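Inspection log for the structure reproduced underneath, given as structure tokens.
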Amino acid sequence: MRTTPARRRTRRALAGAGAVVALLAGTLTGCQSGGPADPGERGSQSAPRWNTAPTSIAAAGDSITRGFDACSVLADCPEVSWATGNDPAVRSLAARLLGDAAVPERSWNYAVTGSRMADLPGQLTAAAAHKPDLVTVMVGSNDACRPTASSMTPVAEFRSGFEQALAQLRAASPASQVYVSSVPDLQRLWEQGKDLPMVRQVWKLGICQSMLADPLSLATGATARREQVRARVVEYNEVLREVCGKDALCRYDGGAVFQYPFAADQLSRWDWFHPGKDGQARLAELAHRQVTAAEPPR
């Protein structure tokens, strides 16, 4: 049967109207059920953004963050701490971000010399009471620095401790950002001081024996022990990276501290192992660069 011009015009009109209805229906359905473009828009609006200019800082960790052996022998020196110190020669992270005048009232240091990962949950709970914009974490050296390599903290235990610490912080202060420093390369620190007779005598007092015992020995056992300690530090850093990476407001330093080539003149003049003032300044510089970067290190 032949179609008349009038019928063809009617069919075209109905087809056009149907297309419009279908288009409108699809648009409405997409808005109501979360179409392809919508989740991305909502995600970008709801995803927390890293604040590159925090106005309050709490620090957690061990002897490095307490400035141990940086000013005098066997003593803390928090005024030169890379995180919260007020010594102008160091220009701590807090001083760089907040300004010198604000450091005493807007920064808090809960690090404790000798601390291990097991101590971090308590420190972060104390830090959370201030609802700080930023919390710095540098811990793990003492988990590797044990009397023997066999007594180092197991990796699984290290992981569970870090997960617990972050969970407690999130429960108490959900909006606090966390900057996590990698554990330093302890083997490199051994290399800097092992050839100095005075340093070897100091190390005999009990500093990090898993790495520093028999510092001049190149025997198979001693070499294997040092390599075992270094490998454990690498594993700890991988844990820090992985666990931190699951938290939208946590930023790992990408291994910056582990990779930093500390020289002898940046270490404590008393033990050639802990950072001296210059070493603390370098840590502050690294942290400031990472915290103020628009994107996390890759």
Side-chain angles (χ1 to χ4, degrees), residues 43 46-54 56-62 64-65 82-84 93-94 97 108-111 115-128 130-144 152-186 230-260 283-298:
S46 62
R49 291 186 176 181
W50 182 266
N51 177 14
T52 59
S56 57
I57 301 175
D62 53 32
I64 296 177
T65 304
W82 67 272
T84 59
L93 177 63
L97 291 173
W108 308 272
N109 192 325
Y110 288 100
S115 291
R116 288 183 273 168
M117 179 57 79
D119 301 301
L120 187 63
Q123 292 181 15
L124 291 191
T125 296
H130 299 282
K131 299 295 189 291
D133 286 351
L134 179 68
V135 178
T136 67
V137 172
M138 182 183 285
V139 68
S141 292
N142 291 317
D143 291 272
M152 292 187 293
T153 302
V155 176
E157 184 178 323
F158 188 86
R159 180 185 295 273
S160 64
F162 190 35
E163 290 174 338
Q164 178 189 351
L166 278 185
Q168 290 182 191
L169 175 66
R170 281 287 157 258
S173 186
S176 292
Q177 297 181 160
V178 183
Y179 168 75
V180 179
S181 167
S182 50
V183 182
D185 186 346
L186 305 180
R230 188 179 191 275
R232 183 60 56 88
V233 168
V234 170
E235 290 179 296
Y236 289 162
N237 284 333
E238 181 61 16
V239 167
L240 297 175
R241 184 191 68 80
E242 289 179 356
V243 176
C244 182
K246 297 176 183 178
D247 187 314
L249 288 176
C250 187
R251 179 173 286 192
Y252 175 60
D253 75 354
V257 170
F258 177 80
Q259 296 164 9
Y260 187 77
L283 291 173
E285 180 182 356
L286 288 173
H288 182 258
R289 186 183 308 158
Q290 304 283 6
V291 169
T292 60
E295 298 293 334
R298 298 187 183 277

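Residue numbers count from 1 along this sequence. Heavy-atom basis, side chains included; hydrogens, waters and symmetry copies ignored. Because the structure is predicted, anything quoted here is derived from the model rather than measured.
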Study note, to complete from the structure: One should read off an interatomic distance between Leu240 CG and Met138 CE, to the nearest 0.5 angstrom, of 10.5 Å

Check your understanding: Can you tell which of Leu286, Thr65, Val257 makes a side-chain contact (heavy atoms from CB on, under 4.5 Å) with Trp82?
Key -> Thr65

Review point. Listed by chain and number, what are the side chain to side chain contact (heavy atoms under 4.5 Å, CB included) partners of His130, not counting sequence neighbours?
Key: Trp108, Tyr110, Pro132

Review point. Taking atom SG of Cys244 and atom CZ of Arg241, what is their separation to the nearest 0.5 Å?
Key: 10.0 Å

Point to revise | Smallest separation among heavy atoms of Gly140 and Asp62, with atom names | key: N-OD2, 4.0 Å

Review point. Hey, what do you get for CG (Leu249) to CG (Asp133), rounding to the nearest 0.5 Å?
Key: 11.0 Å

Review point. For Pro121, does its backbone N or O pair with a side-chain atom of Gln164 as donor and acceptor, under 3.5 Å?
Key: no

Point to revise | Ser115 backbone acceptor or donor facing Asn142 side chain under 3.5 Å | key: yes

Review point. Between CD1 of Ile64 and OG of Ser141, what distance do you get to the nearest 0.5 Å?
Key: 4.0 Å

Point to revise | Check: Lys131 side chain, Pro174 main-chain N or O, donor-acceptor pair, under 3.5 Å | key: no

Exercise for review: Would you check if Tyr252 and Ser182 make a side-chain contact, meaning some heavy-atom pair closer than 4.5 Å?
Suggested key: yes

Check your understanding: Could you state the interatomic distance from OG (Ser173) to CD (Gln168), rounded to the nearest 0.5 Å?
Key -> 13.0 Å

**Study point:** Given Val243, Val135, Val137, Val180, the one that forms side-chain contact (heavy atoms from CB on, under 4.5 Å) with Cys250
**Key:** Val180

**Study point:** Test item: Trp50 side-chain N/O and Thr292 main-chain N/O as donor-acceptor pair under 3.5 Å
**Key:** no

Check your understanding: Taking only residues two or more places apart in sequence or in another chain, which ones pass side chain to side chain contact (heavy atoms under 4.5 Å, CB included) with Pro297?
Key -> Arg251, Gln290

**Study point:** Residues in ring-ring contact (aromatic ring centres under 6.0 Å, His included) contact with Tyr236, at least two apart in sequence or another chain
**Key:** Phe158

Practice item. Evaluate the side chain to side chain contact (heavy atoms under 4.5 Å, CB included) criterion for residues Val234 and Phe258: first the C-alpha distance (whole Å), next the side-chain angles of each, then the deciding distance (0.1 Å), finally the verdict. Key: CA-CA 9 Å; Val234 170; Phe258 177 80; 3.9 Å; yes

Check your understanding: Is any side-chain N of the basic residue among Lys246 and Glu242 closer than 4.0 Å to the acidic one's carboxylate O?
Key -> no

Review point. What are the two closest non-hydrogen atoms of Thr52 and Pro54, and how far apart are they?
Key: C-CD, 3.4 Å

Review point. Which is it for Arg232 and Val155 under the side chain to side chain contact (heavy atoms under 4.5 Å, CB included) test, yes or no, and what are the steps along the way?
Key: CA-CA 8 Å; Arg232 183 60 56 88; Val155 176; 3.6 Å; yes

Revision key, fill the gap. Note: Phe162 and Val239 closest approach over all heavy atoms is CD2-O, 4.4 Å

Exercise for review: For side chain to side chain contact (heavy atoms under 4.5 Å, CB included), just list the numbers for Thr153 and Met117, CA-CA rounded to whole Å, side-chain angles, deciding distance to a tenth of an Å, and then say yes or no.
Suggested key: CA-CA 9 Å; Thr153 302; Met117 179 57 79; 5.6 Å; no

Check your understanding: After noting the C-alpha distance and the side-chain angles of Leu97 and Leu134, does the key distance pass the side chain to side chain contact (heavy atoms under 4.5 Å, CB included) rule?
Key -> CA-CA 11 Å; Leu97 291 173; Leu134 179 68; 4.2 Å; yes

**Study point:** Minimum heavy-atom distance Ala144-Val233, with the two atoms named
**Key:** CB-CG2, 3.8 Å

Practice item. Please name the pair of heavy atoms, one in Gly61 and one in Gln123, separated by the smallest distance, quoted to 0.1 Å. Key: N-OE1, 2.6 Å

Practice item. Working to the nearest 0.5 Å, report the span between CD1 of Ile57 and CG of Leu93. Key: 4.5 Å

